[in-house]
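What follows is a single structure, written as structure tokens, with notes after it.
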Amino acid sequence: MDRVYNFSAGPSCLPEEVLKECAAEMLNYNGTGQSVMEMSHRSAAYKPIITDAEAKVRKLMNVPDNYKILFLQGGGSTQFAMIPLNLGLKFKKAAYIRTGVWAKKAAAEAKKFITVDEIASSEDKGFSYIPRVEKVTGDYDYVYICFNNTIMGTHYEYIPDTGDIPLVADISSCILSEPLDVTKFGLLYAGAQKNLGPAGVTVVIIRDDLITETPLPGTPTMLTYKTHVDGESMYNTPPCYAIYVVGKVLGWIEKNGGAEGMGKRNHEKADYLYNYLDNSSFYHATAQKGSRSLMNVPFLTKYTGEEADAINKKFVKEAAAAGLANLGGHRLVGGMRASIYNAMTLEGVKKLVEFMEKFAKEN
Ligand SMILES: *Cc1c(COP(=O)(O)O)cnc(C)c1O
């Protein structure tokens with residue numbers, strides 16, 4: 001079988017040239033006679049791989065010197081705990097905005113350690129929009145948002161003003177999808193498997209003043225940011241191979257115009273798809289205008305109830321047979337979802353729309 005157009009929400013498609021480079025270097029990386037998988041993370045051959053990946057994140061995201069960049073394990077989900085454990089120190093209280101599954105999970109985890117105030121929510125309309133939050137004030141150690149809601153397909157088109165309160169954002173499914181002003185945030189993090197590489201590594205960008213030696217009592221060593229800052233992401237064995245692939249993807253982003261280049265490419269793709277959905281009498285996008293993700297596009301057909309279940313299944317099956325893979329919606333929301341991360345091409349999106357037109361005519 002030829003390679004498919006892969007619309008998976010994560011792990012998701014990677015640039016083909018990156019995969020080819022990894023394949024070419026698999027048995028003998030850079031004349032070492034070893035695979036990157038086989039070498040010591042303390043070796044002279046590996047060291048430049050991680051320092052280069054870090055330098056590329058710093059350059060591509062314009063990360064100022066007063067922020068550290070970490071490569072951690074445990075996925076985005078471990079950050080749900082690390083954030084309150086390390087940041088919830090003075091007031092033992094944080095503000096969370098409820099915009100979907102990942103924001104809810106983060107808040108539920110934080111409640112194990114600190115007080116959580118849910119200051120806004122879009123649950124009233126099935127999380128189909130991003131609530132507008134004016135200036136946040138109060139005795140909060142931080143304000144937490146999920147910047148791109150992978151499952152609901154919504155995205156912040158503004159950055160909430162939190163004044164002196166550090167703003168924390170989960171950017172797992174939108175990192176480097178377009179330019180982002182890092183200085184507006186105290187902490188940013190992203191699991192790599194959506195837009196940056198394979199699963200197994202999480203990029204954390206943390207401002208120096210939020211790195212503490214004394215997190216909440218009982219915090220494990222591995223869940224303390226300071227541990228990984230001091231160890232330069234090598235306190236213990238890092239996810240070496242995943243970091244290597246992330247470095248390659250970052251190189252690919254650099255070659256393709258950096259964050260600006262990605263933004264242009266992603267707007268083109270998303271506009272093409274939303275424009276089709278908005279003008280269709282058969283399909284509709286579920287996320288409201290003004291809150292729509294560039295990366296994850298959930299959509300439904302005109303059918304409802306049991307008829308909808310059958311038509312959705314048929315869509316996903318026939319699309320897969322046509323080489324358009326992984327278009328099923330998240331198990332919690334159903335319908336369809338096209339994840340069109342950085343590595344997805346405009347050509348892939350056009351092929352999808354072509355298929356959607358044909359399917360609409362036949363059904
Ligand atoms: C996938 C995802 C997560 C969870 O990431 P894991 O690495 O599976 O723990 C968290 N937040 C968002 C926005 C995601 O898309």
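Start at 1 and go down the list; that is how both ligands and their atoms are numbered. Since the model is a prediction, treat every value here as computed from it, not as a measurement.
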Residue pair Glu25, Lys248: steps toward the salt bridge (charged side-chain N to carboxylate O under 4.0 Å, His left out) verdict: CA-CA 12 Å; Glu25 292 174 350; Lys248 296 241 181 252; 3.0 Å; yes
Atom 9 (O) of ligand 1: the protein heavy-atom neighbour that sits closest, reported with distance to 0.1 Å: Ser77 OG, 2.6 Å
Backbone or side chain, does any N or O of Thr150 fall under 3.5 Å from an N or O of ligand 1? yes
Taking atom 11 (N) of ligand 1 as the reference point, the nearest protein heavy atom with its distance: Asp170 OD2, 2.6 Å
Parallel under 30°, tilted from 30 to 60°, perpendicular over 60°: which one fits the rings of Tyr142 and Tyr96? perpendicular
Is there a salt bridge (charged side-chain N to carboxylate O under 4.0 Å, His left out) between Glu232 and Lys47? Walk through the geometry before answering. CA-CA 11 Å; Glu232 297 179 336; Lys47 185 77 184 159; 3.7 Å; yes
Less than 4.5 Å apart, side chain to side chain, heavy atoms only: is that true for Ile205 and Lys68? no
SB check Arg292 Asp278 (cutoff 4.0 Å): yes
In terms of atom number and element, which parts of ligand 1 are under 4.0 angstrom from non-hydrogen atoms of Gly75? 7 (O), 9 (O)
Ligand-residue contact atoms, ligand 1 with Asn148, heavy atoms, under 4.0 Å: 13 (C)
Could you tell me whether Lys358 and Glu354 make a salt bridge, using a distance below 4.0 angstrom between a side-chain N and a carboxylate O? no
For ligand 1, which atoms have a heavy atom of Cys146 less than 4.0 angstrom away? 13 (C)
Contact (N/O only, under 3.5 Å) between Gly74 and ligand 1: no
Could you find the nearest protein heavy atom to atom 14 (C) of ligand 1 and give me its residue, atom name and distance? Lys194 NZ, 2.9 Å
At less than 4.0 angstrom from any non-hydrogen atom of Gln193, what atoms of ligand 1 do you find? 5 (O), 6 (P), 7 (O), 8 (O)
Polar proximity ligand 1 side, Tyr189 side, N/O cut 3.5 Å exclusive: no
Please state whether Thr202 comes within less than 4.0 angstrom of ligand 1, counting heavy atoms only. no
Trp102 and Phe80 aromatic ring geometry - parallel, tilted or perpendicular at 30°/60° bounds: tilted
Please check: side-chain N/O of Asn266 versus main-chain N/O of Ser177, any donor-acceptor pairing under 3.5 Å? yes
Please confirm whether Gly76 comes under 4.0 Å of ligand 1, counting heavy atoms of the residue only. yes
Apply the test side chain to side chain contact (heavy atoms under 4.5 Å, CB included) to residues Tyr235 and Thr221: give CA-CA distance (whole Å), side-chain angles for both, the deciding distance (0.1 Å), then the verdict. CA-CA 10 Å; Tyr235 168 75; Thr221 306; 3.6 Å; yes
Honestly, for Ser172 the part within reach of ligand 1 (heavy atoms, under 4.0 Å) is side chain
